[in-house]
Number of protein chains: 2
Amino acid sequence: MANLSDIIEDFIKKMFDDMPEGILEIQRNEMANYFQCAPSQINYVLTTRFTLERGYFVESRRGGGGYIRIKKLKIREGEFLKEIIEYIGESISGSEAKAIIERLWEEEVITEREMRILCAAINKYNLPLSPADQDMVRARIMKAVITALMDHEARKGGN
Amino acid sequence: MANLSDIIEDFIKKMFDDMPEGILEIQRNEMANYFQCAPSQINYVLTTRFTLERGYFVESRRGGGGYIRIKKLKIREGEFLKEIIEYIGESISGSEAKAIIERLWEEEVITEREMRILCAAINKYNLPLSPADQDMVRARIMKAVITALMDHEARKGGN
DNA sequence: AGTTTTTGACCTTCTTTGACCTTTAATTAT
DNA sequence: ATAATTAAAGGTCAAAGAAGGTCAAAAACT
């Protein structure tokens with residue numbers, strides 16, 4: 001984990017621990033200065049790690065007194081899994097799939113054990129197919145599993 | 001006598017001696033440089049020697065700060081799950097796979113939820129491939145998942 | 001002959017940097 | 001007071017850099 005983007009990502013995520021509201025404001029230049037990097041690297045981290053699919057919403061304002069505000073989204077039980085299924089679509093890369101699985105765990109939709117099961121099932125070394133087929137099969141597996149989870153929840157809840 | 005691939009294999013395996021967690025990270029180019037070989041030879045060694053069947057799990061990431069992570073799976077000898085993996089082999093039909101999953105549930109190796117997750121993952125309707133490929137991919141997924149479960153249990157159970 | 005290993009050319013993904021741009025607030029000049 | 005200017009943010013985009021991946025042909029074993 002030697003790259004700066006990951007370090008910045010972790011740093012920001014830790015800042016959320018002190019923010020019970022789940023809303024955080026940062027100054028781009030201050031942060032860039034702290035990490036001794038180009039300011040645009042902060043944007044890079046935000047656009048690759050703090051996306052909607054990963055459960056964050058980013059707003060900002062320029063000019064004097066400007067800021068970047070990052071909100072950690074609270075999931076809406078009923079629609080959360082449905083949205084993820086839509087996001088997955090027909091094909092998904094290994095790294096995106098992994099991000100989704102991690103998010104499901106963070107949101108406590110799946111257990112750690114289940115996370116491991118899923119990661120194993122979609123790992124490219126375990127899917128001996130052409131890259132394009134891998135992405136397609138991965139999307140199918142992900143959607144099937146999430147659908148199964150939804151069904152399970154529904155049955156439990158409705159009895 | 002020993003060819004380069006064997007030497008690299010041994011070298012990597014020795015590196016595990018210093019890693020009590022059984023998780024190792026290497027740099028492909030660094031390693032290729034050390035052994036004065038083509039970088040792709042490292043991939044060759046990984047795909048032929050560090051497979052699930054041999055008890056390893058490989059993940060990687062490209063780009064700056066990229067890496068190849070090799071996990072030596074912790075598996076207790078003589079475990080029931082190991083027999084199942086052998087039984088699965090290279091290819092398995094949907095009905096056989098389903099029977100195995102149900103058996104795992106009956107033996108309380110997996111929860112009901114996990115059973116549903118697995119059944120969804122290996123269902124033929126979710127694997128848009130030729131029948132032969134389906135059976136092969138299904139076997140891979142089953143083995144990967146069972147291996148992940150064994151590793152998870154072994155790590156949890158205080159090594 | 002058949003299988004395994006080795007090599008190399010070419011590809012994809014992810015990160016970092018920098019030059020240039022836009023928006024907003026604060027200050028200054030009229 | 002208002003308009004013009006300056007300062008203070010943040011934004012964009014493309015190029016360069018830093019990994020790792022793939023595939024098939026050639027070479028070396030058995």
Side-chain angles (χ1 to χ4, degrees), chain A residues 1-12 24-51 53-54 57-71 91-99 102 122-136 138, chain B residues 1-12 24-51 53-54 57-71:
Chain A
M1 224 242 285
N3 76 63
L4 228 201
S5 292
D6 286 343
I7 293 168
I8 296 173
E9 176 187 1
D10 288 352
F11 183 84
I12 294 175
L24 190 62
E25 263 174 35
I26 63 172
Q27 304 286 124
R28 190 179 75 149
N29 287 334
E30 190 184 275
M31 188 123 302
N33 196 52
Y34 181 79
F35 287 105
Q36 289 290 297
C37 65
S40 53
Q41 179 139 21
I42 306 303
N43 297 80
Y44 177 72
V45 172
L46 292 173
T47 55
T48 55
R49 274 84 161 163
F50 292 86
T51 61
E53 310 87 63
R54 288 164 136 101
F57 180 69
V58 178
E59 291 175 293
S60 64
R61 203 152 151 217
R62 308 185 190 187
Y67 57 80
I68 294 175
R69 182 180 297 154
I70 310 169
K71 279 190 203 175
S91 176
I92 191 167
S93 73
S95 53
E96 272 182 306
K98 216 174 159 220
E102 270 160 20
I122 58 132
N123 183 287
K124 86 175 158 196
Y125 291 100
N126 298 331
L127 292 177
L129 301 167
S130 72
D133 278 355
Q134 265 175 32
D135 288 1
M136 185 183 62
R138 192 182 287 119
Chain B
M1 158 75 239
N3 59 49
L4 226 204
S5 291
D6 289 340
I7 293 169
I8 296 173
E9 177 187 0
D10 289 350
F11 183 85
I12 294 175
L24 189 62
E25 262 173 36
I26 63 171
Q27 303 286 126
R28 190 180 76 148
N29 287 333
E30 192 184 273
M31 188 122 302
N33 196 52
Y34 182 81
F35 287 104
Q36 289 292 299
C37 64
S40 52
Q41 179 138 21
I42 306 302
N43 298 80
Y44 178 71
V45 172
L46 292 173
T47 53
T48 56
R49 272 84 162 165
F50 291 85
T51 61
E53 289 76 15
R54 299 184 184 208
F57 180 72
V58 179
E59 287 178 294
S60 65
R61 215 169 123 188
R62 308 185 191 187
Y67 57 78
I68 294 175
R69 182 181 296 154
I70 310 168
K71 190 167 164 189

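Throughout, protein chains are lettered first and strands after them, A, B, ... in sequence-line order, and every chain is numbered starting at 1. Because only heavy atoms are used, hydrogens play no part in the values below, and waters and symmetry mates are left out as well, while side chains stay in.
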Side chain of [X], heavy atoms from C-beta onward: which of [options] has the nearest atom to it?
X: Q41(B); options: dT5(C), dT17(C), dC23(D); answer: dT5(C)
X: P131(A); options: dT17(C), dC23(D), dG20(D); answer: dC23(D)
X: N3(A); options: dT6(C), dT12(D), dT16(C); answer: dT16(C)
X: Y44(B); options: dT6(C), dT16(C), dG20(D); answer: dT6(C)

What is the distance, rounded to the nearest whole Å, between atom [atom1] of [X] and atom [atom2] of [N]?
X: L4(B); N: dT4(C); atom1: CG; atom2: P; result: 18 Å
X: D6(B); N: dT3(C); atom1: CG; atom2: P; result: 19 Å
X: I68(A); N: dT23(C); atom1: CD1; atom2: C1'; result: 14 Å
X: I70(A); N: dG10(D); atom1: CD1; atom2: C1'; result: 13 Å
X: R28(B); N: dT12(C); atom1: CZ; atom2: P; result: 15 Å
X: Y67(B); N: dA18(D); atom1: OH; atom2: C1'; result: 15 Å
X: N43(B); N: dT12(C); atom1: CG; atom2: C1'; result: 13 Å

Side-chain-base donor-acceptor pair under 3.5 Å for R61(B) and dG20(D):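 Between dG20(D) and R61(B), which were checked side chain against base, a qualifying N/O pair under 3.5 Å is absent.
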Just to be sure I understand the rule, does [X] reach a base, reach only the sugar-phosphate, or reach nothing, if contact means heavy atoms closer than 4.0 Å?
X: N29(A); answer: sugar-phosphate
X: S95(A); answer: sugar-phosphate
X: G66(A); answer: sugar-phosphate
X: Y125(A); answer: sugar-phosphate
X: I8(B); answer: nothing
X: I42(B); answer: nothing
X: T48(B); answer: nothing
X: R49(A); answer: sugar-phosphate

5'-most by nearest nucleotide on DNA chain C - S93(A) or S40(A):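 Its nearest nucleotide lies further toward 5', so the answer is S93(A).
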Closest-nucleotide ordering on DNA chain C, the 5'-leading residue of R62(A) and G65(A):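 Nearer the 5' end of the strand: R62(A).
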From [atom1] ([X]) to [atom2] ([Y]), nearest 0.5 Å:
X: I8(B); Y: I42(B); atom1: CD1; atom2: CD1; answer: 4.0 Å
X: E59(A); Y: I68(A); atom1: CD; atom2: CD1; answer: 11.5 Å
X: E25(B); Y: S60(B); atom1: CD; atom2: OG; answer: 10.5 Å

Salt bridge present between R54(A) and E102(A) (N-O < 4.0 angstrom):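 Between E102(A) and R54(A) there is no salt bridge, as every charged N stays at least 4.0 Å from the carboxylate O atoms.
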Basic-acidic side-chain contact under 4.0 Å: R49(B), D10(B):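 Answer for the salt bridge query: no.
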Test of ring centre spacing under 6.0 Å for F11(B) and F35(B):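 Yes.
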Closest-nucleotide ordering on DNA chain D, the 5'-leading residue of S130(A) and E30(B):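 Going by which nucleotide is closer to the 5' end, it is E30(B).
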N/O (side chain, S5(A)) to phosphate O (OP1/OP2, dT16(C)) under 4.0 Å: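 Answer yes for this pair, as a side-chain N or O of S5(A) is under 4.0 Å from OP1 or OP2.
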